[in-house]
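What follows is a short report on a single structure.
Since this is a predicted model, take the numbers as computed values, not measurements.
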Amino acid sequence: MGRTGTTRRGDAGPSRRGPLRSAVRSNIVSPVRRCSRTACGRPAVATLTYVYADSTAVLGPLATYAEPHCYDLCAEHSERLTAPRGWEVVRLAMDPASTRPSGDDLEALADAVREAARTPSRPEPPPGAPMPRRGGADPVEVARRGHLRILRSPES
């Protein structure tokens, strides 16, 4: 007797191709955040957040960084947004000028970086004066790697 003519595909066991081989590879990663809607590749301009306790959908300016439970939307999808029946949509004003840091913001950031870069300095005692002690001796620096230091107490 011969075979019945039915063949099974998949009897060979699991695929030999792992998940990384079947994935599409791309060397280009866009820093621009895209709209969260399926098949929409336009740049995002607004962020949608749901407040389930209040049955409210809040649509505001694009968030500083992407969060897991927020949705970035393009201009078209943010304009056409509707909420489920019984829900309220709160649209926060989107000022295009507020999305970019102002000159004051950049100056304040530069001042903060300069201040953080300064090392706190203790006033040097006059020559020949005994070193001041605070309840115990200061730790001794043993090694340094970048901004990290290894300190040892003077007793050890």
Subject >> Cluster check L92, L59: I/L/V/M/F/W/Y, side chain < 4.5 angstrom >> reply: no
Original post:
If you look at every heavy atom in T49 and C70, which pair is closest and at what distance?
Top reply: OG1-SG, 3.4 Å
Original post:
Where is the tightest heavy-atom contact between A46 and S78, given as atom of each residue plus distance?
Top reply: CB-CB, 4.0 Å
Original post:
Taking a hydrophobic cluster as the set of Ile, Leu, Val, Met, Phe, Trp and Tyr residues connected by side-chain heavy atoms closer than 4.5 Å, whether directly or through intermediates, do V58 and L81 fall within one such cluster?
Top reply: no
Original post:
Same hydrophobic cluster for V89 and Y52, using side-chain heavy-atom links shorter than 4.5 Å among ILVMFWY?
Top reply: yes
Original post:
Roughly how far apart are E88 CD and S55 OG, rounded to 0.5 Å?
Top reply: 9.5 Å
**OP:** Mind running side chain to side chain contact (heavy atoms under 4.5 Å, CB included) on V45 and L62 for me, showing each step along the way?
**Re:** CA-CA 5 Å; V45 297; L62 188 62; 5.9 Å; no
Original post:
Between A63 and T47, which heavy-atom pair has the shortest distance, and what is it?
Top reply: N-OG1, 2.8 Å
Subject >> Minimum heavy-atom distance R42-C74, with the two atoms named >> reply: NE-SG, 3.5 Å
**OP:** Working to the nearest 0.5 Å, report the span between CZ of R80 and CZ of R37.
**Re:** 7.0 Å
Original post:
Is there side-chain contact between C40 and R34, with heavy atoms separated by less than 4.5 Å?
Top reply: no
Original post:
Can you tell me how far the CD atom of E76 sits from the SG atom of C35, to the nearest 0.5 Å?
Top reply: 8.5 Å
Subject >> Transitive ILVMFWY side-chain link L48 to W87, under 4.5 Å >> reply: yes
Original post:
Taking all non-hydrogen atoms of both residues, which atom of R33 and which atom of D72 are closest, and how far apart?
Top reply: NE-OD2, 2.9 Å
